[in-house]
Colleague: 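Would you mind keeping the following structure in view while I ask a few things?
Excluded from the calculations below are hydrogen atoms, water molecules and symmetry mates; all remaining heavy atoms, backbone and side chain alike, are included.
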Amino acid sequence: MVTLPDGSKREFATGATGEDVAGSIGPGLLKAALAVKVNGELRDLKRPIDQDADIAIITARENEGLELLRHDAAHVLAEAVQELFPGTQVTIGPVIEDGFFYDFARDEPFRVDDLAAIEEKMREIVARDEPITREVWDRGEAIDHFRSIGETYKAEIIEDLPEGEPITIYRQGKWYDLCRGPHLPSTGKLGDAFKLLKVAGAYWRGDSRNAMLSRIYGTCWRDKKELKAYLHRIEEAEKRDHRKLGKELALFHFQEEAPGMPFWHPNGWTVYQQLEAYIRKKQIKGGYQEIRTPQLVDRSLWEKSGHWEKFGEHIYSAITADEKQVAIKPMNCPCHVQVFNHHLHSYRDLPLRYAEFGSCHRYEPSGALHGLMRVRAFTQDDGHIFCTRDQITSEAEIFTRLLFEIYRELGFEQVRVKFSDRPEIRAGADDVWDQAETALKEACEQMGLEFEYNPGEGAFYGPKLEFVLTDAIGRDWQCGTLQVDFILPARLDATYIGEDGNRHQAVMLHRAILGSFERFIGILIEHHAGRFPLWLAPTQAVVATITSDGDDYANKVSEQLGAAGLRVTTDLRNEKINYKVREHSLAKVPAILVVGSREAGEGTVSMRRLGSRDQKTVQIDEAIRLLAAEAKMPGG
RNA sequence: GCCCAUAUAGCUCAGGGGUAGAGCACUCCCUUGGUAAGGGAGAGGUCGUAAGUUCGAAUCUUACUAUGGGCACCA
């Protein structure tokens, strides 16, 4: 007796399979069926259902079905590879977002050029429509078997499976692999909506001490249409790549002599300065005092803070003429403690909120560099709040409100919060951790802040909140952070005089909203696809003439816009207006003000906004009013 | 740092053992044209760097550097 999702019940003989159930409902469903869900557990279609159960037939329409397709694509890939490249060992091949990959162990890594032949072989295997069957093997025999055929990685995987876990082997044609399953009934069900995308190296078990395997990535969809849509989506994302736009819009560049360190050009630096001015305004309003600390600080301070030992390999340093070693600061916190410590503080002074647009350098591994997103020279919108333990909750709350306000004003409505608590390796006593975690959690609760729990992911000195925003095309970026720290104040003796007249150790809250200006601007570029809102746009308006008769008038208009605080340029070139419009549109200038004899006669401009083919003719004053209002920095 | 790929004019790219090519941009000339490329001419590169093979290397080999895609890393 089985119960279908619509509540109806059907009777079957014992040993009936998912296939039988699907077939009894209809031939269409039988054809589309990929697997069956028995009491919530996904199973092969051909596996007998040995009890009364709730049954759902899974087709490609369900996400679970799509995942099955991807999983099978990985298997077909592995079969193809082993057919074409005998001696290659298989390891693992999971489903990932939008596709799958399979890691192979091979002396010669795969090359991009190999993909076409492998994909061709995969299509052949699909065409063969090999039935896929499930077998349960004895554990010891399985290990011996895989070892005997030279599949040492598979043998190792089986050895690591928990005792009692059935060892299932899936066979398709002559090929077979250890797999938990379930799988499609046959390779033909995979269809043709898959594509191999790239090769990559990947460490066995994700550990850089292990051998590097050769990974092949692919994507797989329900049909060709979905595959095409996916490939289109990737292309669209590439169009907003901040490195491409950075070049096109003349925002910044990188060069070989300073890898990972951006050279900001006038356009990019304008965006930077606007963003900085905005954050400065918000932070001052939010009760922060801005400070500035040195770039070069003697090694001894970093030794005392613990950074030299723990992060030494990331620190740039220099030997001075008097043979001292100075570190180019990789972070600002120790310096902020120096400012705090320079005066004696009463509990009445707390909380004390210091902010610095702190320029930091970190020697990041070469392979980690990525445009503005991962750099070696960057500026944090850093801040440290010195407070008492009792103030952690309220300070966390005040900070989080500020952060959400800023994200919203910058156009990011969707923000997730992750709460990371004590890691295995940590400093400080457990009762201190209890207090820090409780305080942070209370702050979240008081604000009604929902968070994902990220166990064991905290900093070694304290728990933290991480703020992840979602951009216009749905990608997540972790930007803001709030970290509770009891360790650094202890190491660097940050204290205050309490009500009782005794010295107490201050608590330090490390916090950033943007994270780094470089990275955040990269995110903004991609979020807006290069079309910055007016307040951030490097050039806000261009006044373009139709003929040289309009030059004087254009200069006058331009001057007035400039006087109103707008960033404006004038295009008097001997070019057709079509040409000028095209060029400034490609440069993503938000407003093109065309002036000809008509406008000059009427004291108007013909305003064309980026992204629109329409234009409207307005008085100069009106144009200034409209643009100046829109160009206002958010947040009052 | 590790694997794979890439590096040719300001940009985007083609070419390929016999001493460099296109389009755009740039300069000059003609054109004064109403909302996404008007026409003509010219200038511009020791083909990422360094070795090697060769009569000859931008082209083949190796190393290095940077960049890209991943992996590891991201305090």
Side-chain angles (χ1 to χ4, degrees), chain A residues 96 101 103-104 106 108-115 197-217 234 238 241 243-244 247-248 250 253-260 305-307 309-315 330-331 333 360 362-371 373-376 378 423 425 458-461 464 478 481 483 485 487-488 510 515-516 519 544-551 572-587 592-599 606-617:
Chain A
I96 52 172
F101 67 76
D103 284 348
F104 301 96
R106 204 170 166 244
E108 282 276 299
F110 290 109
R111 307 162 129 259
V112 196
D113 300 339
D114 296 327
L115 293 184
L197 296 176
K198 52 198 174 191
V199 294
Y203 297 109
W204 167 237
R205 303 207 144 147
D207 189 329
S208 58
R209 287 168 301 189
N210 290 341
M212 175 140 298
L213 306 173
S214 187
R215 174 175 297 181
I216 297 178
Y217 281 96
I234 294 179
E238 278 168 9
D241 189 307
R243 293 164 300 188
K244 185 174 143 71
K247 205 181 277 183
E248 285 172 9
H253 88 265
F254 289 93
Q255 68 185 48
E256 213 169 315
E257 291 84 348
S305 71
H307 289 102
E309 184 205 2
K310 189 134 171 75
F311 316 116
E313 59 190 277
H314 295 281
I315 297 180
M331 47 184 63
C333 21
C360 296
R362 295 178 191 176
Y363 185 78
E364 299 286 356
S366 59
L369 302 180
H370 180 92
M373 301 304 189
R374 187 80 180 267
V375 286
R376 287 175 172 166
F378 56 94
I425 300 163
F460 78 95
Y461 49 73
K464 61 182 177 184
Q478 186 175 310
T481 182
Q483 307 174 358
D485 183 1
I487 306 303
L488 204 58
H510 304 245
S516 93
R519 187 172 122 96
T545 51
I546 289 176
T547 71
S548 52
D549 293 342
D551 287 2
L572 306 182
R573 289 176 305 170
N574 178 13
E575 296 291 351
K576 289 195 170 181
I577 194 61
N578 286 309
Y579 183 92
K580 295 185 183 180
V581 165
R582 175 182 152 83
E583 195 165 272
H584 299 301
S585 298
L586 288 175
I592 302 175
L593 309 181
V594 174
V595 296
S597 51
R598 272 209 304 273
E599 287 77 11
S606 169
M607 183 154 64
R608 176 183 169 129
R609 297 303 307 267
L610 183 61
S612 164
R613 291 187 166 278
D614 305 331
Q615 60 267 181
K616 68 177 174 190
T617 303

Colleague: Can you tell me the Watson-Crick or wobble partner of A58(B), both distances under 3.5 angstrom?
Modeller: none
Colleague: So, is Arg243(A) close to the G69(B) phosphate, meaning a side-chain N or O under 4.0 Å from OP1 or OP2?
Modeller: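 Yes, because at least one side-chain N or O of Arg243(A) sits under 4.0 Å from OP1 or OP2 of G69(B).
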Colleague: Between G21(B) and C47(B), how far is it from one C1' atom to the other, in whole Å?
Modeller: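 Their C1' atoms lie roughly 12 Å apart.
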Colleague: Side-chain N or O of Arg111(A) less than 4.0 angstrom from OP1 or OP2 on A5(B)?
Modeller: yes
Colleague: How would you label the contact of Leu586(A) with the nucleic acid (heavy atoms, under 4.0 Å): base, sugar-phosphate, or nothing?
Modeller: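 If one applies the 4.0 Å heavy-atom cut-off, Leu586(A) turns out to touch a base.
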Colleague: Just to confirm, is there a sub-4.0 Å distance from OP1 or OP2 of U12(B) to any side-chain nitrogen or oxygen of Lys247(A)?
Modeller: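 Checking Lys247(A) against U12(B): at least one side-chain N or O falls below 4.0 Å of OP1 or OP2.
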Colleague: Need the pair for G33(B). Rule: Watson-Crick or G-U wobble, both distances under 3.5 Å, any strand; none if unpaired.
Modeller: none
Colleague: Does Glu599(A) reach a base, just sugar-phosphate, or nothing at all? Heavy atoms under 4.0 Å.
Modeller: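 If one applies the 4.0 Å heavy-atom cut-off, Glu599(A) turns out to touch a base.
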Colleague: For U35(B), does either OP1 or OP2 sit under 4.0 Å from a side-chain N or O belonging to Arg582(A)?
Modeller: no
Colleague: Could you state the CG-C1' distance from Leu369(A) to G68(B), rounded to the nearest angstrom?
Modeller: 12 Å
Colleague: Tell me whether the side-chain N/O atoms of Arg362(A) come closer than 4.0 Å to OP1 or OP2 in A75(B).
Modeller: no
Colleague: Given the C1' atoms of A58(B) and G45(B), what is the spacing between them in whole Å?
Modeller: 11 Å
Colleague: Within the structure shown, what part of the strands sits under 4.0 Å from Arg215(A) by heavy-atom distance: base, sugar-phosphate, or nothing?
Modeller: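 Sugar-phosphate only.
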Colleague: Side-chain N or O of Tyr203(A) less than 4.0 angstrom from OP1 or OP2 on G1(B)?
Modeller: no
Colleague: Crowded around Arg111(A) CZ? As in, over 12 foreign heavy atoms under 6.0 Å?
Modeller: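 Not buried by this count: 12 neighbours or fewer within 6.0 Å.
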Colleague: Distance check: side-chain N/O of Lys198(A) vs OP1/OP2 of G70(B), anything under 4.0 Å?
Modeller: yes
Colleague: Could you tell me whether Val199(A) contacts a base, only the sugar-phosphate backbone, or nothing, with contacts defined as non-hydrogen atoms closer than 4.0 Å?
Modeller: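 Base contact.
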Colleague: OP1 or OP2 of A25(B) versus the side-chain N and O atoms of Tyr579(A): is any pair under 4.0 Å?
Modeller: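 True: Tyr579(A) side-chain N/O within range (under 4.0 Å) of A25(B) OP1/OP2.
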Colleague: Does CD in Glu309(A) sit with more than 12 non-hydrogen atoms of other residues, nucleotides or ligands closer than 6.0 Å?
Modeller: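 Check fails, neighbour count at 12 or below.
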Colleague: Could you say whether Ser208(A) or Met212(A) is positioned toward the 5' end of RNA chain B, judged by the nucleotide with the nearest heavy atom to each?
Modeller: Met212(A)
Colleague: Would you mind classifying the nucleic acid contact of Ile546(A) as base, sugar-phosphate or nothing, using non-hydrogen atoms under 4.0 angstrom?
Modeller: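 Ile546(A): base contact, heavy atoms under 4.0 Å.
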Colleague: For U35(B), does OP1 or OP2 lie under 4.0 Å from any side-chain N or O of Asn578(A)?
Modeller: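 No, Asn578(A) has no side-chain N/O under 4.0 Å of OP1/OP2 on U35(B).
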Colleague: When all nucleic acid strands are considered with a 4.0 Å heavy-atom cut-off, which category describes Phe254(A): base, sugar-phosphate, or nothing?
Modeller: nothing
Colleague: When both hydrogen-bonding distances must be under 3.5 Å and the geometry is Watson-Crick or G-U wobble, what is C26(B) paired with, if anything?
Modeller: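 For C26(B), the partner nucleotide comes out as G42(B), under the 3.5 Å rule.
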Colleague: Would you say a side-chain N or O of His370(A) is under 4.0 Å from OP1 or OP2 of G69(B)?
Modeller: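 Yes, such a contact exists.
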Colleague: In the strands shown, is U65(B) matched to any nucleotide by a Watson-Crick or G-U wobble pair with both distances under 3.5 Å, and which?
Modeller: A7(B)
Colleague: Determine the contact category for Gly312(A): base if any of its heavy atoms lies under 4.0 Å from a base atom, sugar-phosphate if only primed atoms, P, OP1 or OP2 are that close, otherwise nothing.
Modeller: nothing
Colleague: Can you check the distance between A36(B) and C24(B), where both ends of the measurement are the C1' atom (answer in whole Å)?
Modeller: 15 Å
Colleague: Does the plane of the ring in Phe311(A) sit parallel, tilted or perpendicular to the ring in Phe460(A)? Use 30° and 60° as the thresholds.
Modeller: tilted
Colleague: Is Ser597(A) touching bases, backbone alone, or none of the nucleic acid, heavy atoms closer than 4.0 Å?
Modeller: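 Result for Ser597(A) = base.
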Colleague: Base, sugar-phosphate or nothing for Thr547(A)? Non-hydrogen atoms, less than 4.0 Å.
Modeller: base
Colleague: Once you apply a heavy-atom cut-off of 4.0 Å, does Pro259(A) come out as touching a base, just sugar-phosphate, or nothing?
Modeller: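 Answer is sugar-phosphate: Pro259(A) comes under 4.0 Å of backbone atoms only.
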Colleague: Does A72(B) have a Watson-Crick or wobble mate here (both distances under 3.5 Å), and if so which one?
Modeller: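 WC or wobble partner does not exist here.
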Colleague: Determine the contact category for Arg209(A): base if any of its heavy atoms lies under 4.0 Å from a base atom, sugar-phosphate if only primed atoms, P, OP1 or OP2 are that close, otherwise nothing.
Modeller: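 It contacts nothing in the nucleic acid.
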Colleague: Just call it for Ala200(A): base, sugar-phosphate, or nothing, with non-hydrogen atoms closer than 4.0 Å on any strand.
Modeller: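 The answer is base, as Ala200(A) lies within the cut-off (heavy atoms under 4.0 Å) of a base atom.
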Colleague: With both distances under 3.5 angstrom, what nucleotide forms a Watson-Crick or G-U wobble pair with G21(B)?
Modeller: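 WC or wobble partner is C13(B).
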Colleague: Between G1(B) and Ser366(A), is there an OP1 or OP2 to side-chain N/O distance shorter than 4.0 Å?
Modeller: yes
Colleague: Which whole number of Å gives the distance between the C1' atom of A75(B) and that of A5(B)?
Modeller: 31 Å
